[in-house]
Amino acid sequence: MRQVCLGDRFRFVPEHRPPKQYVIGTIVYINAAHRYFCVAYRSGNTVQHECFKMFYQGDLKR
């Protein structure tokens, strides 16, 4: 996975939307110790947040 930084744009499908309905949000929080980051995005008149786990090179080695 690429390096994430505060303020970066992040494209994803929110949990409540059907597949392939992407949104673009902004990374607003990074917790490196627990390996996740949060993204804020607009949905109608509200700002929603969704968090994602960070994977590092070598995490998925078998």
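What you are looking at is a predicted structure, and each value in this text was computed from that prediction instead of being measured.
- Considering CD of Glu50 and OG of Ser43, their distance stands at 11.0 Å, rounded to 0.5 Å.
- Under the 6.0 Å cut-off for aromatic ring centres, Phe52 and Phe10 qualify, their centroids lying closer than that.
- How far OH of Tyr41 is from CD of Gln48: 5.0 Å, rounded to the nearest 0.5 Å.
- Residue Val47 is found outside any hydrophobic cluster, as its side-chain heavy atoms come under 4.5 Å of no other Ile, Leu, Val, Met, Phe, Trp or Tyr.
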Determine all donor-acceptor pairs shorter than 3.5 Å in which one atom belongs to a side chain in residues 20-34; sequence neighbours excluded.
| from | atom 1 | to | atom 2 | distance (Å) |
| --- | --- | --- | --- | --- |
| Thr26 | OG1 | Arg9 | NH1 | 2.9 |
| Tyr29 | OH | Asn31 | ND2 | 3.3 |
| Asn31 | OD1 | Ala33 | N | 3.3 |
| Asn31 | OD1 | His34 | N | 3.0 |

Test side chain to side chain contact (heavy atoms under 4.5 Å, CB included) on Met54 and Tyr36 and set out the steps.
-> CA-CA 5 Å; Met54 288 189 286; Tyr36 73 93; 5.7 Å; no

